[in-house]
Amino acid sequence: MAHINITFPDGTVKEFGHGSTGKQIAEHVSKGLAREALAVEVNGEVWDLGRPITADSSLRILKWGDDGGKYAFWHSSAHLMAEAIEAHYPGTKFGIGPPIENGFYYDIDMGDHTLTGEDLVRIEKTMYELCGRDVPYVREEKSWDEAVAYFKKKGDPYKLELLEDLKGETITFYHQGDFTDLCYGPHIPSTGRIKAIKLLSVAGAYWRGSEKNKMLQRIYGVTFPTAKELEEHLFRLEEAKRRDHRKIGQELELFHLSPAVGSGLPLWLPKGTVIRESLIEFLRDEQRKRGYVSVVTPHIGNLELYKTSGHYPYYKDSQFPPIVLENGEAFLLKPMNCPHHHQIYAAKPRSYRDLPIRLAEFGTVYRYEQSGEMNGLTRVRGFTQDDAHIYCRHDQVKQEIRTTVELTQLVFETFGMEVRTRLSYRDDKNVEKYGGDAAFWDRAQREIKEVADEMKLNYFVGVGEASFYGPKIDFMVKDALGRTWQLGTVQVDYVMPERFQLEYTGSDGQKHRPVIIHRAPFGSMERFVGILIEHFAGEFPLWLAPVQAVVLPITDAYLEYAKQVCGQLTEAGVRCELDERNEKIGYKIRDSETKKVPFMLVVGEKEMQGNTVAVRQHTKGDLGAMTREAFLAKTLSAIQQKSLTV
RNA sequence: GCUGGCGUAGCUCAGCGGUAGAGCAGCGGUUUCGUAAACCGCAGGUCAUCGGUUCAAAUCCGAUCGCCAGCUCCA
């Protein structure tokens, strides 16, 4: 009998019988491993445990802790859900049912029936019954014709459409119990492995992600090998909801969204404005050190300006309609600041000695987002970019990219935020979406990649994510609900200098085109603060806290002393408030804790006598008494250092 | 924009055909208190808006606006 050599992850090689399965090999290693095994990775490809291995291979047994194992587990769970749906609603047509980052979904077409919460409960219950039967997932290879015949008979147009793209290939089916699905796999050995199930939500989703297609119903769910893990997962979801910036923003009175003003037009309340302005001050300072100069431009601009830039009419759908005067002159609420800045550059002749010129503005822009797109502060129709445009020579481009990336990194480090970096390239298959010559694009993309490599950035590439005038380095973060948002961005632009005929005189006396770098480390103040609220769960570091300290007199006998303390701190630049309400100290403390005020200064007889304050730190509790001077010094130092721990 | 869900006092929510309720917050008193909620009282709502059904609508139906989840989009 023939043998095959199996190489394990630790490098050891063992001989097994030809056609051995992952399951058999796992059992050979240990009973425990076999019990936990969900799938097997064979030469980098994830397979079912039951699939015979017929050649020398490197092999890794996948468990719940491995992405591939989870993937198979949730993929199998989607099939289990489909089986339960079919049991309740025969004739349901199935789209796709893949595993995702935190669970799985299945897109289904139920005709006139709209799923309700009760339906989900019923389906979930049936899933528990089905996994209780512990039936195996069985792989079966079919010819394309057999597969088509099956789904024609079943009457499932979506599966037939999927098969159209698989012509000529070997098709695989998976069965479990009474359910059969077209599926590339892999799957876990049997339904019994699924012990805990939660169907989370149902929402609409276009078939194949195109709004031209029919909208199907998508059920999201998550499953686990143990009930405990499900409980933990649901607890984490609840925790994440508590961080939601929309909730905290309301509780802490940071911003307000009034329908009377308009959807997606946030109002910054006094406490939120403190945060916003602290951030602006921080960045202005850093930019000043780096040779930026500030400019200010109006909120509207002549429509012709945007025709020159190319923003209009190509992006008409995402702009508010023009404001047209009686004489026919038309203005647009500015959707970006660049054209205005370009006019500042063009306002006088520029020499190569002047470059780079770095024009910075916290510029407010307006974009007509689709009605279903607005989201708290993270997606709005009016927002302020921490914008700047750097006009430089070709030989300065890489250096300028590098320093702007470094500035962006400094920003995220200051807040201890984790970001993912994306190189956003154009999509070569869709070139009409982009302006400028291919040669410019190649050059710009090469330049950002070179800088990214030289800086050893840990990036991924996003094809088709470029802006229409150039490629970008984008900095992405996730919100409390796991949604990804773009914050900082650095963009290289060879297109706008052409469109606006921007020039400088070189050392050779000839006219040359500058290159523009667009950059915004925060991205927008709104989105950044939204994410920041969630990052800190409303517990801002001292330098950002809207109220840094609150003085709490024990009784009104100490009100006068409390006023002195608060006055001294305010005088020194600390944002301090006095709680002079006629309430017990416990009540005042509770109130300030709820408002997440970093320092509570309790003052009574002892403090007044000793000229001290009893310091209580938010979430940390009583720190004991401190002289007023010591507290002030400690506070000022933490503010100055932008410390994350106080 | 699309699919579904939801709009009741500043906030969190109950009421779901017979004309509006609680807790917290607010205000007025009493209390003068040492590290997460003192006590008593008062006030507060054209039940998102507009239209319809009905003897009667917060409650049923429709439209509009807004919010939420997802999809699509995102210069």
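Below, each value reflects all heavy atoms present in this structure, side chains not excepted, and no hydrogens, waters or symmetry copies. Because the structure is predicted, anything quoted here is derived from the model rather than measured. Naming: A, B, ... by sequence-line order, numbering from 1 per chain.
Proximity of A/R246 to the phosphate of B/A69: a side-chain N or O atom is located under 4.0 Å from OP1 or OP2. Listed pair A/N375 / B/A69 meets the phosphate criterion, a side-chain N or O lying under 4.0 Å from OP1 or OP2. Checking the phosphate oxygens (OP1, OP2) of B/G26, a side-chain nitrogen or oxygen of A/R581 falls inside 4.0 Å. In this model, the phosphate group of B/G4 is not approached by any side-chain N or O of A/Y220 to a distance below 4.0 Å at OP1 or OP2. Phosphate proximity of B/C73 to A/R367: absent, as no side-chain N or O sits under 4.0 Å from OP1 or OP2. Contact check, A/T114 against B/U3: no side-chain N or O comes under 4.0 Å of OP1 or OP2.
For the pair A/E583 CD and B/C40 C1', the interatomic distance rounds to 13 Å; values are reported in whole Å. The interatomic distance linking A/D556 (CG) with B/A38 (P) rounds to 16 Å, in whole Å. Put simply, CG on A/L120 is 12 Å from C1' on B/G5, counting in whole angstrom units. For A/L269 and B/C11, the CG to P distance is 12 Å, given to the nearest whole Å. A/D107 places its CG atom 14 Å from the P atom of B/G70, with the value rounded to the nearest Å. Distance CD (A/E593) to C1' (B/U35): 9 Å, rounded to an integer number of Å. The separation between A/R422 atom CZ and B/C74 atom C1' is 10 Å, rounded to whole Å. Between A/Q217 atom CD and B/C71 atom P the separation is 15 Å, expressed in whole Å.
Residue A/R242 places its CZ atom among 12 or fewer non-hydrogen atoms of other residues, nucleotides or ligands, all under 6.0 Å distant. In A/F235, the CZ atom is not crowded: 12 or fewer heavy atoms of neighbouring residues, nucleotides or ligands sit closer than 6.0 Å.
As rounded to the nearest Å, B/C6 and B/C61 have P atoms that lie 11 Å from one another. The gap from the C1' atom of B/U49 to that of B/A36 amounts to 42 Å, rounded to the nearest Å. Comparing the C1' positions of B/G18 and B/A58 gives an interatomic distance of 13 Å, to the nearest angstrom. Comparing the same atom, P, in B/C27 and in B/C68 gives a spacing of 30 Å after rounding to whole Å. Straight-line distance between the P atoms of B/G70 and B/G15: roughly 27 Å, to the nearest whole Å. Distance noted for atom C1' between B/G52 and B/U12: 33 Å (whole Å). Across B/A38 and B/C33, the matching P atoms stand 15 Å from one another, rounded to whole Å. Spacing between B/G45 and B/A20 at atom C1', rounded to whole Å, works out to 8 Å.
A donor-acceptor contact under 3.5 Å is formed by the side chain of A/R616 with the base of B/A36. At a cut-off of 3.5 angstrom, the base of B/C73 holds at least one donor-acceptor pair with the side chain of A/R379. Judged by atom type and distance alone, A/Y368 does not reach the base of B/G1 through any side-chain donor-acceptor pair under 3.5 Å. You won't find any donor-acceptor pair under 3.5 Å spanning the side chain of A/Q250 and the base of B/G10, going by distance alone.
Base pairing of B/G21 is made with B/C13, judged by Watson-Crick or G-U wobble geometry with both donor-acceptor distances under 3.5 Å. For B/C47, there is no paired base (Watson-Crick or G-U wobble, both distances below 3.5 Å). Pair check for B/G4 finds B/C68; Watson-Crick or G-U wobble, both atom distances under 3.5 Å. Searching all strands for a Watson-Crick or G-U wobble partner of B/C27 with both distances below 3.5 Å returns B/G41. Both distances falling under 3.5 Å, in either a Watson-Crick or a G-U wobble arrangement, occur for no nucleotide opposite B/A36. Under the Watson-Crick and G-U wobble criteria, each requiring two contacts below 3.5 Å, nucleotide B/U59 is left unpaired.
A/S263 comes within 4.0 angstrom of the backbone, heavy atoms only, and of no base. A/G209 comes within 4.0 angstrom of the backbone, heavy atoms only, and of no base. Among the heavy atoms of the strands, none lies under 4.0 Å from A/E369. Within 4.0 Å of A/I585, counting heavy atoms only, lie sugar-phosphate atoms of the nucleic acid but no base atom. Counting any heavy atom pair closer than 4.0 Å across all strands shown, A/G586 reaches sugar-phosphate atoms only and no base atom. As judged by a 4.0 angstrom heavy-atom cut-off over every strand, A/Q617 is placed among residues making no nucleic acid contact. Residue contacts shown for A/K588 are absent, as no nucleic acid heavy atom lies under 4.0 Å away. Using a 4.0 Å heavy-atom criterion, one finds that A/V602 contacts the bases of the nucleic acid, with or without backbone contacts as well. A/Y587 comes within 4.0 angstrom of sugar-phosphate atoms only, judged by non-hydrogen atoms across all strands, and of no base.
Remark: aromatic rings of A/F528 and A/F522 are close, center separation under 6.0 Å. Ring centroids of A/F94 and A/Y106 are separated by less than 6.0 Å, placing the two rings close together.
Residues A/T594 and A/L216 each lie close to RNA chain B; by heavy-atom proximity, the contact nearer the 5' end of the strand is made by A/L216. Nearest-nucleotide mapping onto RNA chain B: of A/D244 and A/K433, the residue sitting toward the 5' end is A/D244.
Closest contact between the side chain of A/K584 and the listed nucleotides B/C71, B/U35, B/A38 involves B/A38. Closest to the A/R483 side chain, of the nucleotides B/G70, B/G1, B/A38, is B/G70.
Ring planes of A/Y366 and A/H299: tilted class, angle from 30 to 60°. Ring geometry for A/H79 against A/H75 counts as perpendicular: the plane angle is over 60°, on a 0 to 90° scale with 30° as the lower cut.
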| field | Working for side-chain contact (heavy atoms from CB on, under 4.5 Å), residues A/K478 and A/W485 | value | CA-CA 6 Å; A/K478 276 188 186 173; A/W485 300 95; over 6 Å; no
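Geometrically, A/R443 does not engage A/Y494 in a cation-pi contact defined by less than 6.0 Å to the ring centre and at most 45° from the axis.
When side chains are defined from C-beta on, A/F536 does not count as touching A/R243, because their heavy atoms never get closer than 4.5 Å.
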